[in-house]
Number of protein chains: 2
Amino acid sequence: MHKYSKQTRLLLAVDCIILGFDGETLKILLIKRDFQPEKGNWSLMGGFVQPEESIDQAANRNLKQLTGLQGVYLEQLHTFGATKRDPIERTVSVTYFALIDINKYQTQLSQDYHAEWFPLKRTPKLIFDQQEMVEAARKQIRYKAAMHPILFELLPTKFTIPQLQTLYESVFNTAIDKRNFSKRVLATGLLIKLADKDKAGSKRGAFYYQLNMQNYYAKFQAIMNFIPNPDTL
Amino acid sequence: MHKYSKQTRLLLAVDCIILGFDGETLKILLIKRDFQPEKGNWSLMGGFVQPEESIDQAANRNLKQLTGLQGVYLEQLHTFGATKRDPIERTVSVTYFALIDINKYQTQLSQDYHAEWFPLKRTPKLIFDQQEMVEAARKQIRYKAAMHPILFELLPTKFTIPQLQTLYESVFNTAIDKRNFSKRVLATGLLIKLADKDKAGSKRGAFYYQLNMQNYYAKFQAIMNFIPNPDTL
DNA sequence: TTTATAGGTGTATAGCTTACACAAATAAAA
DNA sequence: TTTTATTTGTGTAAGCTATACACCTATAAA
């Protein structure tokens with residue numbers, strides 16, 4: 001037996017929702033599509049899955065092509081499979097969302113794609129069903145960030161508590177009391193205070209912190225505490 | 001322009017992780033695979049996505065074929081795309097998990113597939129990477145149930161609080177204090193007390209409840225409360 | 001030297017979560 | 001008919017967590 005000979009084969013693509021944070025606003029990286037259909041319109045970075053690569057590899061490859069970054073936070077989100085989503089030919093798309101440190105992003109690479117960062121709240125019109133994909137990513141980042149410390153992925157290695165707070169406020173679109181916020185994040189044991197300050201944001205300067213990687217990995221999978229002794233199912 | 005002519009096409013399948021609850025144990029419905037390779041071995045219900053159906057439709061079709069059920073809780077889980085996961089030919093599989101009321105399940109339909117319910121904790125060896133798929137479903141049901149009232153999908157329309165508690169205890173593999181449990185579920189406003197009792201489980205009998213559908217839909221998307229005023233992003 | 005701006009910190013209150021024990025109902029057994 | 005065994009159903013006190021809230025500090029710029 002060599003093939004499932006009677007079955008129809010389809011195109012499979014990946015699309016990446018790439019998010020970054022510039023200290024003020026959550027942003028999304030979009031490219032100008034360089035082939036038909038919809039050539040020249042704003043689009044997510046993506047492409048067809050190749051015969052010899054897994055889907056995860058395809059997503060990582062696309063992310064690296066556009067940003068130069070490897071080893072960043074990249075999570076499979078949802079697979080979109082309506083029959084007519086691509087008008088040319090049926091294409092199923094597996095979406096991924098990536099959280100990157102916007103400072104490490106290599107600007108020159110993205111010039112080939114005419115890429116641009118847009119505030120997530122003011123995303124331009126996107127091709128096909130990509131609006132829906134971005135919407136799914138917005139939901140997912142909140143959902144996940146509410147329980148896991150993923151937002152740290154968006155910050156540089158050294159960051160200040162006010163920066164972290166601004167990020168949370170922008171993801172959850174809400175104001176948080178700074179006394180309570182700092183109590184809370186410090187209580188997690190995730191942060192190590194450094195000796196130096198960031199003087200860019202204010203006259204007084206804010207102390208830098210870095211992640212306590214050990215506690216970070218330990219807390220990463222931490223799940224809700226409202227069931228006593230959650231144990232393996 | 002008619003096709004993306006240079007690209008490789010591949011097979012796309014769906015696999016369903018079908019869970020049910022018999023009042024004591026969380027169970028998974030498996031079939032004996034009826035074609036090569038791995039013919040005769042235990043497997044998830046699934047099959048190839050057809051050219052004229054969406055992926056969601058393919059999952060619903062498979063679920064209906066095996067159980068006779070439509071309109072049940074069915075959620076896309078994850079897409080598995082390792083290049084060698086199917087030894088015959090590269091096949092990408094989109095997994096779904098379904099929560100069904102085991103009493104509505106139509107036994108005779110599943111005889112064609114030689115289907116059987118297994119305790120989720122004692123799932124037999126499965127083909128390909130399906131063990132991993134089941135593992136992902138186990139994680140997801142807990143994750144989701146911790147925040148959304150999805151476990152009601154596993155119960156009949158009329159159920160008792162002790163039944164509900166047994167279900168939560170079996171999903172989270174833990175003992176819960178019944179006074180606290182009943183206080184909590186009643187406080188959600190999700191339950192409507194009925195006049196009659198279930199006398200099967202005990203001498204005294206336990207009052208039946210049914211879902212308050214209005215509150216159910218309202219609470220369904222309810223997300224964590226540890227961010228003040230969560231608003232649209 | 002003054003002023004303007006953002007950073008950093010403590011406490012009291014309310015609300016929520018947890019731990020915990022006994023009586024009621026009734027079928028089955030004696 | 002009485003006793004026994006089993007499961008249901010309920011309240012309260014203590015500890016913990018979340019929240020609301022205001023002032024001083026550091027420093028660059030004027």
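Each chain gets a letter, A, B and so on, in the order the sequences are listed, and its residues count up from 1. These numbers come from the heavy atoms of this one structure, side chains and all, not from hydrogens, waters or symmetry mates.
For A:Ser202 and B:Arg179, each mapped to the nucleotide of DNA chain D holding its nearest heavy atom, the one lying further toward the 5' end belongs to B:Arg179. Checking B:Pro162 against B:Asn180, the closest nucleotide of DNA chain D that is more toward the 5' end is the one next to B:Pro162. Comparing A:Ala206 and A:Lys183 along DNA chain C, the residue whose closest nucleotide (by nearest heavy atom) sits nearer the 5' end is A:Ala206.
The CG atom of A:Leu186 sits 14 Å away from the P atom of D:dA18 (whole-angstrom rounding). D:dG9 atom C1' lies 15 Å from atom CG of B:Leu191, rounded to whole Å. Summarising the geometry, the separation between NZ on A:Lys193 and P on C:dG7 is reported as 14 Å, rounded to the nearest angstrom. Atom-to-atom, NZ of B:Lys203 to P of C:dT26 comes out at 13 Å; the value is rounded to the nearest Å. When rounded to the nearest whole Å, the span between CZ of B:Phe207 and C1' of C:dA24 equals 12 Å. A:Asp177 has its CG atom 14 Å from the P atom of C:dG7, to the nearest Å. The CD-P distance, from A:Gln163 to C:dG8, rounds to 11 Å in whole Å. Atom CZ in B:Phe181 sits about 18 Å away from atom P in D:dT7, given to the nearest Å.
Aromatic rings of B:His148 and A:Tyr143 (six-membered ring for Trp) have centroids within the 6.0 Å cut-off, being under it.
In terms of phosphate contacts, B:Lys199 brings a side-chain nitrogen or oxygen within less than 4.0 Å of OP1 or OP2 of C:dA27. Contact annotation: B:Arg184 does not reach the phosphate of C:dC16 (side-chain N/O to OP1 or OP2, under 4.0 Å).
Within the 4.5 Å cutoff, the side chain of B:Gln163 has heavy atoms near those of the B:Asp198 side chain.
Each of B:Leu167, B:Leu194, B:Leu191, B:Leu154 was compared with B:Phe159 under the side-chain contact (heavy atoms from CB on, under 4.5 Å) criterion, and only B:Leu191 meets it. Screening B:Lys32, B:Gln65, B:Arg33 for a side-chain hydrogen bond (donor to acceptor under 3.5 Å, both in side chains) with B:Tyr113, the sole residue that qualifies is B:Gln65.
In this model, a side-chain donor or acceptor of A:Lys178 finds a partner on the base of C:dG7 within 3.5 Å.
Between the B:Ser93 side chain and the B:Phe80 main chain, no donor and acceptor come within less than 3.5 Å of each other.
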